[in-house]
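Down below is the structure, laid out as structure tokens.
As the structure is a computational prediction, the values presented were derived from the model and not from experiment. In listed order, ligands and their atoms are each counted from 1.
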Amino acid sequence: MKERRVVSDERPPPAETLISEKELGARIQELAAEISAHYSDSVPILVSVLKGSALFLADLARAIERSIEIDFMSISSYQSAGAQSGVVKIVKDLESDISGRDVLIVEDIVDTGLTLNYLRRTLEEREPASLRAVTLLDKAARRIVPVPLEWSGFEIPDVFVVGYGLDFQGRYRNLPELLAIKDLARLANEPLLLVPSLFEEG
Ligand code: IMP
């Protein structure tokens, strides 16, 4: 697939490819091989945190050559408590009983670590046999809470990324690759700025 050069006018491009579709695919195969080897004698439950990790889950699950189960959770931050409070609520809970099971949390990105920390504490209380986490992306430099991360796809710098499940104001999740947003303020003013060059050109 061609490299995206997102140019809408004379100013510097507001976004550029950070990780290509090919690189994502190759790394996910490696992660899946490690995860398959780890769970050689159990049927783990993969817990996907909606919505961002849905695309990663779909590719990871298909690359795992073992019997697995899949379940979904959705959580949201309490806006009034502030973006980095770590106070979240469960919007959609798991359907599975995870007690005594091997559980693998599948995350799209670990940034401050607050979300994963909350999830780990919450799921640990349900007494799974084991609890591990895999994230596609790790913004390690932004970590506020140190949180165990058993598998990580890519460590990325402190840039805002969209694509492959990750959004900006709900958009761009369906890009097959990861774009780094160079000018977030500009995109905030014009949320559809990237749409013509990404989705409507040849
Ligand atoms: P946390 O800061 O580790 O709790 O991450 C919280 C959530 O912030 C992630 O699950 C993502 O939904 C979102 N997030 C963090 N960084 C980015 C980014 O660069 N692009 C899109 N979403 C992000």
Side-chain angles (χ1 to χ4, degrees), residues 4 6 13-21 23-24 27 46-60 71-94 104-124 131-195 198:
R4 290 174 199 271
V6 182
E16 64 182 32
T17 301
L18 183 67
I19 305 175
S20 70
E21 188 176 1
E23 289 170 313
L24 286 169
R27 184 69 185 116
L46 272 57
V47 170
S48 165
V49 188
L50 294 170
K51 305 172 186 166
S53 77
L55 277 70
F56 175 42
L57 172 84
D59 286 341
L60 182 71
D71 207 341
F72 295 93
M73 267 185 107
S74 182
I75 58 176
S76 74
S77 305
Y78 280 111
Q79 296 301 322
S80 57
Q84 295 193 332
S85 67
V87 180
V88 293
K89 67 172 175 176
I90 296 174
V91 175
K92 184 221 171 294
D93 206 340
L94 298 175
L104 178 63
I105 299 171
V106 179
E107 268 283 21
D108 50 352
I109 187 164
V110 180
D111 184 19
T112 62
L114 290 165
T115 305
L116 183 58
N117 187 52
Y118 169 83
L119 275 172
R120 288 195 84 123
R121 280 190 288 117
T122 304
L123 298 184
E124 200 66 73
L131 183 62
R132 290 185 166 73
V134 55
T135 187
L136 180 65
L137 306 171
D138 179 7
K139 274 194 205 171
R142 292 215 352 126
R143 199 74 88 251
I144 290 175
V145 191
V147 62
L149 205 43
E150 282 75 14
W151 290 282
S152 165
F154 299 89
E155 186 170 321
I156 62 167
D158 182 10
V159 289
F160 193 84
V161 290
V162 297
Y164 199 71
L166 289 139
D167 73 308
F168 178 73
Q169 297 187 356
R171 310 266 175 157
Y172 308 113
R173 292 191 198 274
N174 57 327
L175 288 170
E177 63 188 351
L178 271 158
L179 296 186
I181 304 298
K182 295 286 172 188
D183 191 342
L184 200 57
R186 194 173 157 209
L187 193 61
N189 284 331
E190 301 170 65
L192 305 183
L193 179 70
L194 305 178
V195 168
L198 293 176

Test log, rule side chain to side chain contact (heavy atoms under 4.5 Å, CB included), inputs Ile19 and Ile156: CA-CA 10 Å; Ile19 305 175; Ile156 62 167; 4.2 Å; yes
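Contact check for Leu178 versus Leu137: side-chain heavy atoms found under the 4.5 Å cut-off.
Taking a cutoff of 4.0 Å between a charged side-chain nitrogen and a carboxylate oxygen, Asp167 and Lys51 do not qualify as a salt bridge.
In this structure, Ser20 contributes its side chain and Glu23 its backbone to a donor-acceptor pair below 3.5 Å.
Atom CG of Leu136 sits about 6.5 Å away from atom OH of Tyr164, to the nearest 0.5 Å. The CZ atom of Phe154 sits 12.5 Å away from atom CD1 of Ile109, with the distance rounded to the nearest 0.5 Å.
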Would you tabulate the polar-atom pairs, meaning N/O of ligand 1 against N/O of the protein, with distances under 3.5 Å, reported to 0.1 Å?
{"from": "ligand 1", "atom 1": "2 (O)", "to": "Thr112", "atom 2": "N", "distance (Å)": "2.8"}
{"from": "ligand 1", "atom 1": "2 (O)", "to": "Thr112", "atom 2": "OG1", "distance (Å)": "2.5"}
{"from": "ligand 1", "atom 1": "3 (O)", "to": "Asp111", "atom 2": "N", "distance (Å)": "2.8"}
{"from": "ligand 1", "atom 1": "3 (O)", "to": "Thr112", "atom 2": "N", "distance (Å)": "3.1"}
{"from": "ligand 1", "atom 1": "3 (O)", "to": "Gly113", "atom 2": "N", "distance (Å)": "2.9"}
{"from": "ligand 1", "atom 1": "4 (O)", "to": "Thr112", "atom 2": "OG1", "distance (Å)": "3.4"}
{"from": "ligand 1", "atom 1": "4 (O)", "to": "Thr115", "atom 2": "N", "distance (Å)": "2.9"}
{"from": "ligand 1", "atom 1": "4 (O)", "to": "Thr115", "atom 2": "OG1", "distance (Å)": "2.5"}
{"from": "ligand 1", "atom 1": "16 (N)", "to": "Lys139", "atom 2": "NZ", "distance (Å)": "3.3"}
{"from": "ligand 1", "atom 1": "19 (O)", "to": "Lys139", "atom 2": "NZ", "distance (Å)": "2.9"}
{"from": "ligand 1", "atom 1": "19 (O)", "to": "Val161", "atom 2": "N", "distance (Å)": "2.9"}
{"from": "ligand 1", "atom 1": "20 (N)", "to": "Val161", "atom 2": "O", "distance (Å)": "2.7"}

